[in-house]
Amino acid sequence: MKARVTVTLKNGVLDPQGKAIEHALSGLGFDGVGQVRQGKVFDIELTGTDKAKAEADLKAMCDKLLANKVIENYSVAIT
């Protein structure tokens with residue numbers, strides 16, 4: 001079973017890396033780019049077939065390691 005975890009900064013949290021990307025895109029001639037927010041994507045391969053257990057495990061992984069819940073949100077998708 002494969003899963004994708006997407007971690008993004010919460011609204012209102014400053015994103016200096018996103019701002020730098022925004023300016024770099026403008027400097028490269030890409031006009032019309034609004035605000036850029038950066039995040040992280042984790043592709044995780046899991047053994048087993050129990051989707052409910054996989055979802056619970058993935059949420060625990062995010063809570064304990066993959067996401068800083070104070071400043072980040074996360075979403076889990078099992079494929």
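What you see below is based on every heavy atom in this structure, not just the backbone, and it leaves out hydrogens, waters and symmetry mates.
- Thr8 contributes atom OG1, which lies 12.0 Å from atom OH of Tyr74 (distance to the nearest 0.5 angstrom).
- Across all non-hydrogen atoms, the minimal contact from Ala3 to Leu58 is CB-CD1, 3.4 Å.
- What you find for Leu66 and Val7 is that their closest heavy atoms are O-CG2, 4.0 Å.
- Cluster annotation: Leu14 is not connected to Ile71 through the hydrophobic network of ILVMFWY side chains, with a link wherever side-chain heavy atoms come within less than 4.5 Å.
- In this structure, the side chains of Leu46 and Ile78 stay at 4.5 Å or more apart for every pair of heavy atoms.
- Note on Asp15 versus Lys19: no salt bridge recorded, every NZ/NE/NH1/NH2 to OD/OE distance being 4.0 Å or above.
- A donor-acceptor contact shorter than 3.5 Å links the side chain of Lys10 to the backbone of Lys69.
- Within 6.0 Å of CG in Leu28 there are more than 12 heavy atoms belonging to other residues, nucleotides or ligands.
- No continuous path of hydrophobic side-chain contacts links Leu65 to Val70 [ILVMFWY only; heavy atoms under 4.5 Å].
- Counting heavy atoms from C-beta outward, Asp43 and Lys2 have side chains that stay 4.5 Å or more apart.
- Expressed to the nearest 0.5 Å, how far CG of Leu9 lies from CZ of Arg37 amounts to 5.0 Å.
- Across all their heavy atoms, Ala54 and Met1 have their closest contact at CB-SD, 3.7 Å.
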One pair to check against salt bridge (Lys or Arg N to Asp or Glu O under 4.0 Å): Asp63 and Lys59. What are the steps and the verdict? CA-CA 6 Å; Asp63 291 341; Lys59 288 180 179 181; over 6 Å; no
